[in-house]
Structure formats: structure tokens, C-alpha cells
Amino acid sequence: MAKKSAPRGGPASRSAPPRPPGPAATGGGDRVRLELEFERPQLLGPLFGQYDQNLIVLENRLGVYIAARGNRVSIEGEADSAARARDVLSGLYDRLARGQGVDPGDVEGAVAILADRALDGVVANDGSPHPVIRTRRKTIVPRSPTQVRYIEALGRDDVIFALGPAGTGKTYLAVAQAVSQLVAGSVDRLILSRPAVEAGERLGFLPGDMKDKVDPYLRPLYDALYDMLPTEQVERRLASGEIEIAPLAFMRGRTLASAFVILDEAQNTTPLQMKMFLTRFGQGSRMVVCGDPNQVDLPNPAASGLADAVRKLDGIPGIATLRFSSREVVRHPIVGRIVEAYEGPPQDA
């Protein structure tokens with residue numbers, strides 16, 4: 001654990017050349033200096049990041065100045081911003097102590113989550129600050145306030161609609177939760193599906209058998225799977241049918257019991273296709289429907305089954321709807337700016 005000391009005044013310095021703090025964060029208040037002392041110096045390298053990149057992110061986001069000397073860190077800035085920076089560093093240090101990794105994206109996410117007062121007091125079963133998803137290859141930690149709520153919904157609700165732009169983690173977190181439940185034995189099968197709709201191009205005839213023809217549409221789901229499980233396990237589970245990846249058209253007439261079912265790119269379904277998919281729900285199952293209402297590739301974008309389903313099913317017990325904004329894109333920051341440029345200013349989720 002990091003040891004916290006009371007704020008005190010005076011200058012601070014870091015072994016690297018000092019840099020001026022970034023723009024002051026909102027909140028106001030007197031300038032203070034807070035100090036942290038870490039018990040395990042070997043964790044400070046990954047905590048600070050290569051060339052102190054994690055500290056630089058924190059300084060720029062919160063308008064503070066951070067100096068490190070030995071196993072002590074001092075933080076200067078407005079009282080609220082300095083306290084948030086201290087809490088972020090303490091939380092990331094605890095994450096490293098639990099054997100989890102930290103990168104600049106985790107720093108950005110921790111700052112955003114701390115800024116959401118509605119999440120105060122939310123903790124996971126293991127005492128970590130927020131719920132996480134554990135798979136064979138990695139532990140997935142939320143990087144935005146909506147991701148915190150999404151992970152909670154994935155473990156609680158029967159049907160979840162996840163809406164928002166590319167890069168917000170909708171499909172990735174759903175696959176992670178599905179793999180976690182499959183490995184734990186709480187479901188028997190993992191079924192991943194997408195509508196086979198081309199994104200503005202005509203690909204023409206595709207050679208090979210049915211698997212070869214549909215695989216190009218389902219490649220993002222494969223990528224997420226291989227990120228969660230060792231390659232040999234993915235191949236074995238695909239061969240045994242424990243993991244099934246199929247186009248939406250193959251869902252008709254089935255009842256999906258004791259399964260975790262994910263429909264990706266759901267904005268490209270028609271209302272009839274969406275109704276067909278949702279009514280496949282069976283005992284002991286969970287369904288996640290992911291899509292971006294602003295990226296409809298249907299000939300008539302107004303006929304999207306995703307928007308129709310969200311509107312008709314709003315308020316039904318057991319069905320949750322999570323809305324991500326461009327501010328919560330967790331890929332490279334430029335992706336969020338690109339989304340905003342195309343869609344206008346971000347809207348609140």
C-alpha cells in the first residue's frame with residue numbers, strides 16, 4: 001500500500017528536468033503539495049511508465065506537477081486535482097501489487113472514473129476499486145465510467161444493449177465476460193454472431209466453404225477471443241463446439257440455452273432479424289447486443305433493428321442499455337477526436 005502524508009508547502013523536484021504543469025483542472029481551490037511513499041520500489045518503474053509517460057499523462061489531465069525521489073512522490077496543484085492525482089497513483093500502485101499491468105490508457109481511465117462521483121464506493125468482490133473481468137490470459141480493468149457500469153451489467157442482467165462508437169470496448173468486454181463465464185462453467189457455450197453486411201463495398205464472390213465465406217465478417221470476434229485465451233484453447237473449443245462463431249442468418253429456428261450469446265454490429269440488423277435473434281433466448285443464457293447507431297450500413301439506415309429494439313424494450317426488467325460516448329474511446333486518443341469530427345460534439349451517455 002502507498003502511505004499518504006498530510007499536505008505541506010514548499011518546492012518539489014524530480015530527477016528528470018522539471019516541466020510546467022498542464023492546464024489547470026476544473027474544481028478550483030488553494031494550491032497544495034501532497035506526498036506519497038511506496039513500500040515496494042520495484043513497482044515504481046511500471047507505475048511511472050517508460051520515460052515517466054504515465055506521470056506525464058496524469059500531469060496533463062489534471063494540471064498538476066509530480067516529482068519522484070526514491071520511493072517518495074510529491075504532487076503539487078490545486079487541492080482537488082492533487083487529491084485526484086494521489087488517488088489515481090495509489091489505485092494504480094495497488095493494481096500493480098495485485099499483479100496487473102498499467103499503461104497510459106489505464107491512467108486516462110482511472111482519471112475519468114474518479115471524476116464520476118456516481119461511482120464512489122463501487123468495489124469488486126476482491127476489494128479492488130471497481131469490477132474487473134478475469135480470463136486465462138489477462139485481467140480486464142474498466143477504463144471509463146460507462147465501462148464500470150457495463151461490466152456490472154454483464155454480470156447481472158439477462159440482456160444487455162451496448163451502444164456507442166468504435167473503440168469504446170463494447171464487444172471486447174462482452175467477449176471477455178463470455179470467456180470468463182465459459183471457463184468458470186457458468187455457461188456451456190459461447191456463441192458469437194454478426195450480420196454479414198458489407199461496409200459500403202461489394203466484395204463479390206468469396207471462395208471456399210461456408211466458414212471461409214463468413215470468416216472475414218467475423219474476424220474482430222476471433223481477434224478478441226485470441227486475446228482472452230491461449231491459441232490452442234480457442235482452436236480446441238471451436239472444434240468441440242463450445243465456442244461457435246456464426247452469421248446471424250444461422251440463428252433462425254434455434255433455442256440457445258445455457259449459452260453466452262453476443263451479437264456484434266447489431267446496427268446492421270433489420271427489425272425482423274433483431275426480433276428473431278432476441279427470441280432465441282433460452283434458460284441459463286445471457287445475451288449482449290453491441291452496435292453503433294451512427295454506423296448503419298443497411299441500404300435504408302432508418303430501418304436499423306438496433307434502434308427499434310432499444311426503443312421497444314426500454315424499461316423491461318432484466319434488460320439493460322449502456323450508452324458510450326466518443327469521450328470514452330479507449331483506443332488511441334486520436335480515434336475519439338475523429339469520431340467527434342464526424343459525429344459532432346460528444347453527447348452524454
Side-chain angles (χ1 to χ4, degrees), residues 131 133 135 140 146-164 168-197 214 217-218 220-222 224-225 228 237-238 241-293 296 304-324 349:
I133 301 174
T135 68
I140 290 54
T146 306
Q147 282 195 0
V148 174
R149 300 181 180 94
Y150 186 33
I151 292 176
E152 291 177 327
L154 288 170
R156 179 190 66 227
D157 296 298
D158 296 323
V159 178
I160 302 101
F161 289 94
L163 316 178
T168 48
K170 306 181 300 296
T171 304
Y172 190 81
L173 289 176
V175 173
Q177 179 68 17
V179 168
S180 177
Q181 291 196 209
L182 180 65
V183 171
S186 49
V187 296
D188 296 333
R189 292 180 294 164
L190 166 53
I191 300 174
L192 309 174
S193 183
R194 294 181 83 180
V197 176
V214 301
Y217 299 100
L218 305 172
L221 299 175
Y222 282 105
L225 274 177
M228 307 297 169
R237 292 175 186 270
L238 283 168
E242 287 181 85
I243 299 176
E244 178 183 348
I245 301 181
L248 178 61
F250 287 15
M251 296 294 107
R252 187 173 297 279
R254 302 179 63 181
T255 299
L256 307 176
S258 190
F260 198 113
V261 191
I262 300 171
L263 176 61
D264 195 25
E265 299 293 334
Q267 74 274 7
N268 290 327
T269 62
T270 66
L272 286 177
Q273 286 176 319
M274 180 62 74
K275 178 183 177 183
M276 178 273 292
F277 174 78
L278 292 173
T279 53
R280 302 307 93 200
F281 194 89
Q283 291 292 331
S285 290
R286 180 158 294 154
M287 279 187 169
V288 183
V289 179
C290 305
D292 181 359
V296 179
S304 171
L306 178 60
D308 180 69
V310 169
R311 182 174 61 253
K312 287 179 177 176
L313 302 179
D314 182 49
I316 293 180
I319 298 179
T321 300
L322 284 300
R323 292 179 172 85
F324 294 84

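Residue numbers run from 1 in the order of the sequence given. The basis for the numbers below is simple: all heavy atoms, side chains too, and nothing from hydrogens, waters or symmetry mates. In this text the structure is predicted, and so the values were computed from the model without any measurement.
- Side-chain contact check for Arg286 and Gln177: no donor-acceptor pair (N or O, by modelled atom type) lies under 3.5 Å.
- Distance check: Leu182 CG to Ile243 CD1 gives 6.0 Å after rounding to the nearest 0.5 Å.
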CA sep, side-chain torsions, deciding dist, call: Arg280, Ile191, side-chain contact (heavy atoms from CB on, under 4.5 Å): CA-CA 12 Å; Arg280 302 307 93 200; Ile191 300 174; over 6 Å; no

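- Side-chain atoms of Thr135 do not come within 3.5 Å of backbone N or O of Ser180 as any donor-acceptor pair.
- Within the structure, no pair that satisfies the side-chain hydrogen bond (donor to acceptor under 3.5 Å, both in side chains) test touches residues 153-164, not counting sequence neighbours.
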Working for side-chain contact (heavy atoms from CB on, under 4.5 Å), residues Ile133 and Tyr172: CA-CA 11 Å; Ile133 301 174; Tyr172 190 81; over 6 Å; no

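- By the side-chain contact (heavy atoms from CB on, under 4.5 Å) test, Ala178 pairs with Leu190, Phe260, Ile262, sequence neighbours left out.
- Shortest non-hydrogen contact noted between Leu221 and Ser193 is CD1-N, 4.0 Å.
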Derivation and outcome, side-chain contact (heavy atoms from CB on, under 4.5 Å), residues Leu263 and Met251: CA-CA 11 Å; Leu263 176 61; Met251 296 294 107; over 6 Å; no

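- The two residues Gly164 and Asp292 come nearest to each other via the heavy atoms O-CB, 3.2 Å.
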Solution key, residues 270-279 side-chain donor-acceptor pairs under 3.5 Å, sequence neighbours excluded:
residue, atom, partner, partner atom, Å
Thr270, OG1, Gln273, N, 3.2
Gln273, OE1, Thr270, N, 2.9
Thr279, OG1, Lys275, O, 2.8
Thr279, OG1, Met276, O, 3.0

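- Taking Arg311 as the reference, Asp308 meet the salt bridge (Lys or Arg N to Asp or Glu O under 4.0 Å) condition, with sequence neighbours excluded.
- Remark: the backbone N or O of Asn268 is not paired with any side-chain donor or acceptor of Ser304 at under 3.5 angstrom.
- By the 4.5 Å heavy-atom criterion applied to side chains, Ser285 and Val187 are not counted as neighbours.
- Applying the ring pair (Phe, Tyr, Trp, His ring centres under 6.0 Å) rule to Phe161 yields no partners; only residues at least two apart in sequence or on another chain are considered.
- Every residue was checked against the side-chain hydrogen bond (donor to acceptor under 3.5 Å, both in side chains) condition with Thr255, not counting sequence neighbours, and none meets it.
- Each salt bridge (charged side-chain N to carboxylate O under 4.0 Å, His left out) pair with one or both residues in residues 168-189, not counting sequence neighbours, would appear here, but there are none.
- Under the side-chain hydrogen bond (donor to acceptor under 3.5 Å, both in side chains) criterion, Gln267 pairs with Glu265, not counting sequence neighbours.
- For Leu154 against Gln181, the heavy-atom pair with the smallest separation is O-OE1, 3.9 Å.
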Stepwise side-chain contact (heavy atoms from CB on, under 4.5 Å) check, Val159 with Leu313: CA-CA 10 Å; Val159 178; Leu313 302 179; 5.8 Å; no

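- Atom CD in Gln147 sits 7.5 Å away from atom OG1 in Thr168 (nearest 0.5 Å).
- Applying the side-chain contact (heavy atoms from CB on, under 4.5 Å) criterion to Pro293, with sequence neighbours excluded, gives Leu163, Leu306.
- Residues passing the side-chain hydrogen bond (donor to acceptor under 3.5 Å, both in side chains) test with Thr171, sequence neighbours excluded: Asp264.
- Evaluation of the salt bridge (Lys or Arg N to Asp or Glu O under 4.0 Å) rule for Arg237 yields Glu242 as partners, not counting sequence neighbours.
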